[in-house]
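For reference, the structure is listed below as structure tokens.
None of these values were measured; they are calculated from a predicted model. Order of appearance sets the numbers: ligands from 1, and atoms from 1 within every ligand.
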Amino acid sequence: MRGMQDHVAIVTGASRGIGRAIALELASWGVKVVVNYQSSAAKAEAVVAEIQAAGGVAMAIQADVTDQQSVETMVTQTLAEWGTIQILINNAGITRDNLFQRLKDDEWDEVIKADLTSAFLCTQAVLPAMRANRYGRIVSIASLAGLAGNVGQTNYAAAKMGLVGFSKAVAREVTSDGIVVNVVAPGYIDTDFIDHIPQWLRTWALDVIPLKRFGKVEEVAPAVAFLASPAASYIIGHVLTIDGGWVMP
Ligand code: NAP
């Protein structure tokens with residue numbers, strides 16, 4: 001898209017899956033991309049290499065998005081290298097599924113930290129740079145599991161629905177600074193993330209999804225890139241579901 005050549009994006013959890021696809025998509029729109037990862041260094045470097053081979057600009061930065069110091073260092077490194085940040089994609093996330101009766105404290109805490117606190121930390125860390133530009137785009141990746149609830153995912157659903165409320169509240173505080181905040185809530189998308197889901201759930205989901213298949217990462221990334229673009233100037237606090245028609249509000 002025109003007007004994005006000078007833009008810099010941080011995509012959290014971009015070594016694999018949806019984040020990787022978002023990083024590739026944004027780079028193809030001319031954006032310089034930070035490919036954040038936690039432990040998959042080789043995969044993150046492969047994403048950077050793929051972007052560079054296509055003529056784009058990217059760098060990999062290791063940072064645990066649940067750790068404030070780590071997040072601040074990532075933002076400082078980005079600013080030191082490219083001097084500005086226009087886009088934050090809060091994508092990194094995990095699941096620790098268990099039936100609520102059996103859910104352990106650490107399963108609750110880890111998911112809340114990785115799927116919700118991470119967005120708080122990253123958003124707070126990038127806002128000064130966005131405010132300085134009087135421009136910004138923040139897109140957080142929630143989940144249909146948050147909007148609709150899901151058996152065995154009380155921790156994940158709480159974190160993802162929390163992300164929706166968080167995004168709407170932040171959106172109200174920062175629009176006057178030219179910063180736009182939105183949410184994308186995918187249904188089942190074919191990544192490592194859903195490898196572990198039991199066969200009965202897979203069969204059930206494929207039956208209730210009108211398209212009768214799981215989504216592809218390439219069916220999520222362009223919508224995220226649009227919400228991260230200047231064109232999304234009058235879409236505020238929106239939750240865009242990308243789910244093959246599974247939940248039609
Ligand atoms: P994925 O393939 O498992 O990839 C997860 C990514 O998050 C990896 O890059 C991982 O880095 C990174 N990550 C995890 N914890 C991190 C941390 N503490 N700090 C930094 N990075 C961290 O997952 P995905 O399917 O692409 O999901 C991406 C997002 O979409 C998640 O927020 C997920 O909740 C959401 N989502 C997914 C689906 C789906 O069906 N796939 C549906 C709805 C929503 P490493 O590679 O270094 O571990």
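Assignment of Ala185 to the shell around ligand 1 is not supported, since no heavy atom sits closer than 4.0 Å. No heavy atom of Phe214 sits closer than 4.0 Å to any atom of ligand 1. Using 4.0 Å as the threshold, Lys43 has no heavy atom nearer than that to any atom of ligand 1. At a 4.0 Å cut-off, not a single heavy atom of Ala145 sits close enough to ligand 1 to count as contact. Using 4.0 Å as the threshold, Ala44 has no heavy atom nearer than that to any atom of ligand 1. Distances shorter than 4.0 angstrom do not occur between any heavy atom of Arg20 and any atom of ligand 1.
The closest protein non-hydrogen atom to atom 43 (C) of ligand 1 is Pro186 O, 3.3 Å.
Listed by atom number, the atoms of ligand 1 under 4.0 Å from Ile194 heavy atoms are 39 (C), 40 (O). Atoms of ligand 1 lying under 4.0 Å from at least one heavy atom of Ser40, given by number and element, are 45 (P), 46 (O), 47 (O), 48 (O).
Heavy atoms of other residues, nucleotides or ligands lying less than 6.0 angstrom from CD of Glu173 number 12 at most.
The pair Arg102-Glu107 does not meet the salt-bridge criterion, since no charged nitrogen lies less than 4.0 angstrom from a carboxylate oxygen. The pair Arg213-Glu219 counts as a salt bridge, with a side-chain nitrogen and a carboxylate oxygen less than 4.0 angstrom apart.
Val126 pairs with exactly one of Thr78, Asn90, Val75, Ile179 by the side-chain contact (heavy atoms from CB on, under 4.5 Å) rule, that one being Val75.
At a 4.0 Å heavy-atom cut-off, ligand 1 touches Thr191 through the side chain alone. With a 4.0 Å heavy-atom cut-off, ligand 1 is reached by the side chain of Ile94 but not by its N, CA, C or O. Residue contacts with ligand 1, taken as heavy atom pairs separated by less than 4.0 Å, involve Ala63 solely via the backbone atoms N, CA, C and O. Under 4.0 angstrom from ligand 1, the non-hydrogen atoms of Asn36 all belong to its side chain. Contacts between Asp115 and ligand 1 below 4.0 angstrom, taking non-hydrogen atoms only, involve the side chain exclusively.
Minimum heavy-atom separation, Ala148 to Val247: CB-CG2, 4.4 Å.
Within the set Gly93, Cys122, Ala114, Gly13, the minimum heavy-atom distance to atom 14 (C) of ligand 1 is found for Gly93. Of all the listed residues (Ile189, Ile18, Asp195, Val71), Ile18 holds the heavy atom that lies closest to atom 37 (C) of ligand 1.
For the pair Asn91 (side chain) and Gly13 (backbone), a donor-acceptor distance under 3.5 Å is present.
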